[in-house]
Amino acid sequence: MNPETLTDPCLKSHLQGHTECITQIRFKPKGDKIASSSLDTTVIVWNLKDTARCISHSAHGERVYDLGTQSTRRYRRICSSPVRSVDFHPAGTMVVTGSDDKSVKVWRIPESKFLTSFTGHKNWLRSAKFSPNGKFVASCGDDKSLRIFDVNTRSCICTFTDELGVGRQLAWHPYRNIVAAALSCNRVKMFDLCSQELIQLYKVHKASVNDVAFHPNGNFMLTGSDDETMKILDIREGRPIYTLTCRIGRVMSVDFNYDGSSLACAGSDNQILVWKSNLDNYDFFADDVKLENEILETHDTPEFETTAGNSNSLSPSNDLIIDRFSSLHGF
């Protein structure tokens with residue numbers, strides 16, 4: 001496949017309604033709605049098929065920092081200070097919260113019964129997430145540590161520390177025991193639980209990274225930063241493939257929908273952008289390049305030097321900027 005035939009991500013929707021900084025966005029399971037939380041004390045559920053139709057919830061009198069949705073039942077949880085993170089167990093039977101009191105707590109739903117508390121953090125918690133198989137909880141916070149807890153034994157099985165930055169947000173790989181952390185030191189790190197080591201490090205942003213999300217197929221990762229950009233990373237090759245400059249202030253939250261066909265970002269200037277990702281085209285191209293490389297490796301070929309070219313830059317009519325990094329060159 002010719003790389004010039006690739007289709008870049010394109011803007012689909014521009015949503016406005018919050019009056020203060022948006023703290024979190026999450027696609028609903030079917031992908032036709034997106035929920036957003038904000039410092040304006042509200043949660044809005046947007047209908048992406050008809051953006052004129054949305055529902056605003058004012059369930060808290062305080063700032064709302066996070067929200068979680070559960071795919072198999074009609075549950076929604078939102079959290080405000082001092083609770084900064086909330087996440088559902090994959091089975092929908094429990095919810096985990098991270099708080100300013102330095103604890104990670106697990107609750108049984110729907111009766112909201114307290115079950116247990118994971119301790120060890122020395123400062124505020126920013127994120128606590130169940131693994132896709134429900135066996136582990138990952139948490140990070142202002143003590144610059146990422147801790148992994150075993151849900152059954154209620155013990156901490158490993159701890160990763162970073163001397164440079166605070167953990168702002170976490171994301172689990174969809175089908176491997178790998179967790180990614182967005183850090184305030186402008187970096188994104190990926191850790192493997194099996195080997196208990198750092199396996200990938202990305203220094204692609206110029207300011208604090210606020211959020212990170214894996215594509216459902218596990219091949220890509222989306223990051224959002226205070227430098228007002230999103231990055232789409234190809235984690236198979238360990239490099240960025242797109243930079244999206246969104247013109248919505250600091251990018252506070254990012255997310256993929258259920259099949260990865262759409263992605264969204266929320267900014268500090270109270271706006272949400274929803275994009276068509278077009279990563280299925282890139283996946284096909286990557287498979288073709290891999291096959292071509294395998295064929296070349298089976299033959300004796302002369303050595304040659306690869307010269308890196310300039311990345312493509314697009315300027316859509318709405319003044320959003322997309323930079324595409326050529327798949328044929330390293331980063």
Side-chain angles (χ1 to χ4, degrees), residues 9 11-27 34-44 46 62-67 78-81 84-86 98 100 123-127 129 140-142 144 162 164-171 180-189 202-214 221-233 240 242-256 262-275 277 313 315-316 318-323:
L11 186 67
K12 297 199 304 181
S13 303
H14 181 199
L15 309 176
Q16 290 181 287
H18 285 291
T19 59
E20 293 189 41
C21 177
I22 298 171
T23 55
Q24 189 64 268
I25 53 173
R26 286 291 179 264
F27 278 98
I34 192 168
S36 58
S37 59
S38 170
L39 297 182
D40 64 12
T41 75
T42 68
V43 171
I44 298 178
W46 309 84
E62 300 178 353
R63 295 175 170 182
V64 184
Y65 289 99
D66 199 5
L67 51 86
I78 56 180
C79 65
S80 60
S81 181
R84 294 183 181 270
S85 177
V86 60
D100 284 1
N123 210 325
W124 290 359
L125 269 294
R126 298 287 178 177
S127 182
K129 299 286 181 67
C140 69
D142 288 6
K144 299 182 180 180
D162 190 291
L164 298 177
V166 168
R168 303 298 299 271
Q169 191 57 266
L170 298 173
L183 302 172
S184 64
C185 58
N186 315 348
R187 302 179 179 188
V188 176
K189 291 185 175 182
Y202 294 95
K203 303 177 183 179
V204 295
H205 286 287
K206 298 178 181 180
S208 174
V209 185
N210 296 315
D211 201 8
V212 60
F214 281 102
M221 188 163 58
L222 184 64
T223 62
S225 169
D226 278 357
D227 64 11
E228 303 187 9
T229 70
M230 283 193 299
K231 303 279 185 178
I232 301 178
L233 311 176
Y242 289 104
T243 295
L244 288 74
T245 304
C246 306
R247 310 300 193 198
I248 57 172
R250 294 174 292 133
V251 180
M252 306 303 297
S253 182
V254 297
D255 197 24
F256 282 108
S262 295
L263 59 89
C265 63
S268 60
D269 67 352
N270 323 333
Q271 301 178 70
I272 300 171
L273 301 180
V274 182
W275 305 68
S277 70
S313 178
S315 297
N318 55 10
D319 202 29
L320 301 177
I321 298 175
I322 306 174
D323 293 328

Any idea which heavy atoms bring [X] and [Y] closest together, and the distance?
X: Gly17; Y: Ile44; value: C-CD1, 4.1 Å
X: Thr223; Y: Val209; value: CB-CG1, 4.3 Å
X: Lys12; Y: Ser262; value: NZ-OG, 2.8 Å
X: Asp162; Y: Cys185; value: OD1-SG, 4.1 Å
X: Arg63; Y: Thr41; value: N-CG2, 4.0 Å
X: Pro9; Y: Leu244; value: CB-CD2, 4.2 Å

**Q.** Student check: side-chain heavy atoms of Thr23 and Leu39 closer than 4.5 Å
**A.**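 In contact.
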
Q) With side chains defined as the heavy atoms from C-beta onward, is the minimum distance between Tyr202 and Met221 less than 4.5 Å? A)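 A side-chain contact exists here, since the closest heavy-atom pair is under 4.5 Å.
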
Side-chain ([X]) to main-chain ([Y]) donor-acceptor, under 3.5 angstrom:
X: Asp142; Y: Asn123; value: no
X: Lys129; Y: Leu170; value: yes
X: Ser225; Y: Ser208; value: yes
X: Asp255; Y: Ala264; value: no
X: Asn210; Y: Gly224; value: no
X: Ser85; Y: Gly98; value: no

Got a second to check how far [X]'s [atom1] is from [Y]'s [atom2], nearest 0.5 Å?
X: Asp66; Y: Arg26; atom1: CG; atom2: CZ; result: 6.5 Å
X: Arg84; Y: Gln169; atom1: CZ; atom2: CD; result: 12.0 Å
X: Ile25; Y: Trp46; atom1: CD1; atom2: CH2; result: 11.5 Å
X: Thr229; Y: Arg247; atom1: OG1; atom2: CZ; result: 11.0 Å
X: Lys206; Y: Asp226; atom1: NZ; atom2: CG; result: 14.0 Å
X: Met252; Y: Ile22; atom1: CE; atom2: CD1; result: 10.0 Å

Q. Going through the distances and angles, do Cys246 and Trp275 end up as a side chain to side chain contact (heavy atoms under 4.5 Å, CB included)?
A. CA-CA 11 Å; Cys246 306; Trp275 305 68; 4.3 Å; yes

Q) Can a donor-acceptor pair be found between the side chains of Glu20 and Ser38 at a distance below 3.5 Å? A)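 No pair is found: no donor N or O on one side chain lies under 3.5 Å from an acceptor on the other.
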
Q: Would you check if there is a donor-acceptor pair between the side chains of Ser253 and Gln24 at a distance under 3.5 Å?
A: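 Side-chain D/A pair, Gln24 to Ser253: present.
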
Q. Leu15 and side-chain contact (heavy atoms from CB on, under 4.5 Å): which partner among Leu273, Asn270, Ile34?
A.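 When side-chain contact (heavy atoms from CB on, under 4.5 Å) is applied between Leu15 and each of Leu273, Asn270, Ile34, only Ile34 qualifies.
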
Q.
What verdict does the side chain to side chain contact (heavy atoms under 4.5 Å, CB included) test give for Leu263 and Val254, after you've listed the backbone C-alpha separation in whole Å, the side-chain angles of each residue and the deciding distance to 0.1 Å?
A. CA-CA 7 Å; Leu263 59 89; Val254 297; over 6 Å; no

Q.
Between Leu222 and Met230, does the side chain to side chain contact (heavy atoms under 4.5 Å, CB included) criterion hold? Intermediate values first, please.
A. CA-CA 7 Å; Leu222 184 64; Met230 283 193 299; 3.9 Å; yes

(Q) Under the criterion side chain to side chain contact (heavy atoms under 4.5 Å, CB included), I'd like the reasoning laid out for Val274 against Phe27: C-alpha separation, chi angles, the key distance, then a yes or no. (A) CA-CA 10 Å; Val274 182; Phe27 278 98; 4.3 Å; yes

